[in-house]
Amino acid sequence: MAVDLRSDTVTRPTAAMRAAMMAAPLGDDVFGDDPTVNALQAQVAERLGFEDALLMPTGTQSNLVALMGHCQRGDEYLVGQMAHCYRWEGGGAAVLGSIQPQPLAHQPDGTLALADIAAAIKPDDPHFARTRLLALENTLGGKVMPLAYLQEATALARQHGLACHLDGARLFNAAVAQGGDPFEAARAICASFDSVSVCFSKGLGAPMGSVLCGSRDLIARARRWRKVAGGGLRQAGLLAAAMQHALDHHVHRLAEDHALARRLADGLQGLPGLVVEPPQTNIVFADVAPERAAGLIEHLKAHGVLATGLYRLRFVTHLDVDATGIDRAIDAVRSYFKA
Ligand SMILES: *Cc1c(COP(=O)(O)O)cnc(C)c1O
């Protein structure tokens, strides 16, 4: 079996997760009567400190309906250039929501400069789209956004009447990296936001599913848009049971993924032609000297290691890799650079 480090989305449901899915009481969630879905939504809302929550098939649809819940046609959201809900979702907010993005450059730590946020907020004038929302992401490219920054950026947005959305696809990676009780840390992050989207299909190891959290009003609007977007699922308790299992059993263990990412980064440090960024969570980025880049991904694949190299070489640790696999990946990379 290959060591698959392309993404933390590649995990297969564990035997215990499959058993939980098989045992789940089910109903029709479009009628609102799937007890497993309702219990999961209530629990996620409560644990993250929101009034309500909504099961979503994907993180992309979750961000989309959140943006559409906050913004009307002709409104605008401020967002980082590398943010998923701007760059990696096919322009969905603009294409499907008639919402204009205003992308901003990131600082080296992934944050958006407060001065850039302030400068991008448009005056109320018919020349401009109405700036309605600030959308942040945590973790962003595996980086943890400092809590003080999240508080300051969202406070600034609020002073200008904007709402605030967090793409927390990897919220629990950020929470675990901060130390202490991960649910308390997650709640502290979420406290600055009107809505938060969390992926269960990544490090948490569920086969699919995200949850969008927000006020009762926002979630009611999101529920309409989810149906419009074709995301109303029927016996979705099958999925919610997997997600519930992930919430109960796979949050604290994210620390193991972070430790393996550090092990990988340490093992790759110092190779000529490779600059490794020390990981904060479960994603290791490395920049390859351009003259060494061609053939690297194929070499790794031939040695049973899968990685991506769209922008930079990227390895992601997860539930289905262990130290042996990481050491194999280190050996595969080293054999390439030594050749
Ligand atoms: C993966 C991801 C999403 C989208 O999730 P899908 O379930 O793949 O649609 C959104 N935001 C971030 C930051 C992600 O990493």
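What you see is a predicted model, and the numbers here were worked out from it, not measured in a lab. Note that ligands are numbered from 1 as they come in the structure, with each ligand's atoms numbered from 1 the same way. What's counted below: heavy atoms across the whole structure, side chains too, no hydrogens, waters or symmetry copies. Counting from 1, the numbers follow the sequence of the chain as shown.
At a 4.0 Å heavy-atom cut-off, ligand 1 does not touch Thr9 at all. When heavy-atom distances to ligand 1 are checked against a 4.0 Å cut-off, Arg170 comes that close only through its side chain, counted from C-beta outward. In Thr58, the parts holding a heavy atom less than 4.0 Å from any atom of ligand 1 are both the side chain and the backbone.
Salt bridge status for Arg216 with Asp52: absent, with no side-chain N to carboxylate O gap under 4.0 Å. Under 4.0 Å is where a charged nitrogen must lie from a carboxylate oxygen, and between Glu277 and Arg312 at least one such pair does. Using a 4.0 Å cut-off between a side-chain N of Lys or Arg and a carboxylate O of Asp or Glu, Asp194 and Arg158 qualify as a salt bridge.
Taking only non-hydrogen atoms, the option from Met208, Arg87, Glu137, His84 nearest to atom 10 (C) of ligand 1 is His84. Remark: among candidates Met56, Glu89, Lys202, the nearest residue to atom 15 (O) of ligand 1 is Lys202, based on non-hydrogen atoms. Taking all heavy atoms of Ala169, Ser201, Gly141 into account, the minimum distance to atom 12 (C) of ligand 1 is reached by Ala169.
Of the protein's non-hydrogen atoms, the one nearest atom 11 (N) of ligand 1 is Asp167 OD2, 2.6 Å. Shortest contact from atom 9 (O) of ligand 1 to any protein heavy atom: Thr60 OG1, 2.6 Å. Of the protein's heavy atoms, Gly59 N, 2.8 Å lies nearest to atom 7 (O) of ligand 1.
Inspection of the Ser62 and Ser210 side chains reveals no N or O donor paired with an N or O acceptor under 3.5 Å.
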Determine all donor-acceptor pairs shorter than 3.5 Å in which one atom belongs to a side chain in residues 103-110; sequence neighbours excluded.
residue: His106; atom: ND1; partner: Gly110; partner atom: O; Å: 2.9
residue: His106; atom: NE2; partner: Gln81; partner atom: N; Å: 3.3
residue: His106; atom: NE2; partner: Met82; partner atom: N; Å: 2.9
residue: Asp109; atom: OD1; partner: Thr111; partner atom: N; Å: 3.0
residue: Asp109; atom: OD1; partner: Thr111; partner atom: OG1; Å: 2.6

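Taking the salt bridge (Lys or Arg N to Asp or Glu O under 4.0 Å) definition, one finds that Asp217 meets it with nothing, sequence neighbours left out.
Asp75 places a side-chain N or O within 3.5 Å of a backbone atom of Gln72 that can act as its donor or acceptor partner.
For the ligand labelled ligand 1, residue Cys199 lies inside the 4.0 Å heavy-atom shell.
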